[in-house]
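Values below: every heavy atom of this structure, side chains too, minus hydrogens, waters and symmetry copies.
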Amino acid sequence: MKIFDFKTDKAWLENLALVTQLGLTMAGAILFCFAIGYYLDKWLGTKGLFITVFILLGIAGGGYTAYRQIIEVTKPKEKKKEDDGKATS
């Protein structure tokens with residue numbers, strides 16, 4: 001029976017953390033926008049108009065944020081070092 005070793009399985013854990021973060025980002029953005037749309041519909045007396053609009057905005061916003069997170073993680077390490085050097089000078 002193999003025991004899980006955090007040192008040798010570090011890349012696997014980092015990928016799992018990224019996928020979890022992306023899923024929570026999408027779900028959070030959609031649920032937040034759903035809540036805004038729900039309360040606007042309730043307050044203004046409309047039936048589903050704002051829920052639909054804000055869910056679409058939540059999907060777009062969550063997708064954009066997830067895209068930015070993926071780009072940040074997959075950015076080459078040399079580029080990150082150059083950016084860090086420019087920020088400190």
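In this view, T46 and D41 satisfy the side-chain hydrogen bond (donor to acceptor under 3.5 Å, both in side chains) rule, not counting sequence neighbours. In this structure, the side chain to side chain contact (heavy atoms under 4.5 Å, CB included) partners of L16, at least two apart in sequence or on a different chain, are W12, T20. With sequence neighbours excluded, the residues that form a side chain to side chain contact (heavy atoms under 4.5 Å, CB included) with I55 are F34, I51, I59. For Q69, the side chain to side chain contact (heavy atoms under 4.5 Å, CB included) partners two or more places apart in sequence, or in a different chain, are Q21, L22, T25, T65. Judged as a side chain to side chain contact (heavy atoms under 4.5 Å, CB included), and not counting sequence neighbours, the contacts of L56 are T52.
Under a 4.5 Å side-chain heavy-atom cut-off, the cluster of Ile, Leu, Val, Met, Phe, Trp and Tyr residues that includes V53 is completed by F32, I36, L40, W43, L44, L49, F50, F54, L57.
In the hydrophobic cluster analysis, where Ile, Leu, Val, Met, Phe, Trp and Tyr join through side-chain heavy atoms closer than 4.5 angstrom, V73 is grouped together with I70.
Scanning all heavy atoms of the two residues, the minimum distance from A29 to G58 falls at CB-O, 3.7 Å.
Rounding to the nearest 0.5 Å places CG of L31 at 11.0 Å from CE of M26.
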